[in-house]
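This report refers to the structure that appears directly beneath it.
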Amino acid sequence: MLTYTKRFMPELPEVETIARGLAKRVTGDVIESVWLGQKPEPLKSPAREIAAALEHSRILGVRRVGKHIVFDLRQNHGKPPQAWQWIVHLGMTGRMQVCEPQTEIAKHTHAIARLSSGKEVRFVDPRRFGRLSVTRAFQASGIEPLDAKFERFLELFRGRRTPIKSALLNQKLLSGVGNIYADESLFRAGIRPRRRASAITRAQFSKLLAAVKQVLQEAIVAGGSSVSDYVDADGEEGFFQLQHRVYGREGELCPVCDTRIKRVVVAGRSSHYCPQCQK
DNA sequence: ACTATGTCCTGCGAGC
DNA sequence: TGCTCGCAGGACATAG
């Protein structure tokens, strides 16, 4: 039930896979210098602030928080040493390359960090929905889906009049679920995307949180098998992804009951569901 | 406090 | 074959 892909939507499992791949390849390295492109949109912090935080910093580790990649940095040349975090959000089309300096610079490259090992970390993003920033105390806006306690989840979601799909996509509530895994989770939980959160029972919420965790975990396992094993000559990651059961399958037959999968628009996003399995 | 909607941006694929 | 056009969606702004 896996597909190999080079194109993907960076939701929680994909960002987790990318962060692990980056951690494996650049942890311990030192950023010597930084180049930032002219396009202002991808820079959430001022360019000179980003450059000042990154340059001469050692990469202590790379991890994922929600859909964000967090580089934990330590800058030794100050007294005392300064702790920084380089935050990368991939948006829709953002990619992180780890490559040699002579690798041709891809179109839409917005940032390059040159490392003392000789490698470069590059941020490439055609659509420029991605964002770069630096901070000292990064905090996710919502709860981590994989660690979420049911009572907290319930407290955040119950009673809202918005469609459950919209609530799942709201990063201030739950950090990391995007359009694809929202649809897949709702399918597994048997809930239609347009159902108002306030009309969902406690038992259904319980099933939903379990489904969210299961879908994300399975996708991480699928992606995890590809960490650092499917990097092409330009340092681009490839992935194994879970086969989607409903997402992008409008008009196809439900894998459970053979009913045709429907597509509706919720919160301006295409949403796919089985009218038989989901109520 | 919440909710709904519009906007950004480029690549790609459907359709003619 | 070559062109146009509309869709894809994460996060934020804005309005109600």
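For the numbers below, each heavy atom of this structure counts, side chains included, while hydrogens, waters and symmetry mates do not. Below, chain A is the first sequence line, B the second, and so on; all start at residue 1.
If you check every strand for non-hydrogen atoms under 4.0 Å, Ser270(A) touches sugar and phosphate atoms only. Note on Pro42(A): nothing from the nucleic acid sits closer than 4.0 angstrom, heavy atoms only. Within the nucleic acid shown, Arg263(A) comes within 4.0 Å of sugar-phosphate atoms alone, with no base atom in reach, counting heavy atoms only. Note on Lys107(A): only backbone sugar-phosphate atoms sit closer than 4.0 angstrom, heavy atoms only; bases stay farther off. Counting any heavy atom pair closer than 4.0 Å across all strands shown, Lys44(A) reaches sugar-phosphate atoms only and no base atom.
In this structure, the nucleotide among dA8(C), dG11(B), dG10(C) sitting nearest to the side chain of Arg269(A) is dG10(C). Relative to the side chain of Arg160(A), the nucleotides dT3(B), dA8(C), dT10(B) differ in distance, and dT3(B) lies closest. Taking only side-chain atoms of His89(A), from C-beta outward, the nucleotide of dA11(C), dT10(B), dA8(C) with the closest atom is dA11(C).
Checking Trp84(A), Phe123(A), Trp86(A) one by one against Phe71(A), the ring-ring contact (aromatic ring centres under 6.0 Å, His included) holds for a single residue, Trp86(A).
To the nearest angstrom, P of dG10(C) lies 15 Å from CD1 of Ile69(A). Rounded to an integer number of Å, the gap from Leu132(A) CG to dA11(C) P is 14 Å. Going from atom CZ of Arg128(A) over to atom C1' of dT7(B) covers 14 Å, rounded to whole Å. Ile180(A) has its CD1 atom 8 Å from the P atom of dG10(C), to the nearest Å. Rounding to whole angstrom units, CG of residue Leu169(A) and C1' of dC12(C) are separated by 14 Å. Atom CD1 in Ile164(A) sits about 12 Å away from atom P in dA4(B), given to the nearest Å. Separating the NZ atom of Lys172(A) from the P atom of dG10(C) is a distance of 15 Å, rounded to the nearest angstrom. As rounded to whole Å, 11 Å separates atom P of dA4(B) from atom CG of Asn170(A).
A donor and an acceptor atom sit less than 3.5 Å apart, one in the side chain of Arg127(A) and one in the base of dA8(C).
When atom types are taken as modelled, the side chain of Arg136(A) and the backbone of Ala83(A) share a donor-acceptor pair closer than 3.5 angstrom.
Both Arg161(A) and Glu41(A) lie close to DNA chain B; mapped to their nearest nucleotides by heavy-atom distance, the more 5′-ward contact belongs to Arg161(A). Comparing His68(A) and Val265(A), the nucleotide of DNA chain C nearest to each residue sits closer to the 5' end for Val265(A).
Using a 30° and 60° split on the angle between ring planes, His110(A) and His108(A) fall in the tilted class, from 30° to 60°.
Counting heavy atoms of neighbouring residues, nucleotides and ligands inside a 6.0 Å radius, atom NZ of Lys172(A) does not exceed 12 of them.
Scanning residues 138-150 of chain A for heavy-atom distances under 4.0 Å to DNA chain B yields an empty list.
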### Task
Output, in order, the C-alpha distance, side-chain angles, deciding distance and verdict of side-chain contact (heavy atoms from CB on, under 4.5 Å) for Leu186(A) and Tyr273(A).
CA-CA 8 Å; Leu186(A) 288 167; Tyr273(A) 70 97; over 6 Å; no
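Side-chain contact between Gln85(A) and Arg63(A): present, with at least one pair of heavy atoms (C-beta onward) separated by less than 4.5 Å. Contact annotation: the side chain of Arg114(A) never approaches that of Pro101(A) to less than 4.5 Å [non-hydrogen atoms, C-beta and beyond].
Closest non-hydrogen pair, Arg245(A) versus Ile261(A), comes out as O-CD1, 3.5 Å.
Within the 4.0 Å cut-off from OP1 or OP2 of dC2(B), not a single side-chain nitrogen or oxygen of Thr162(A) is found.
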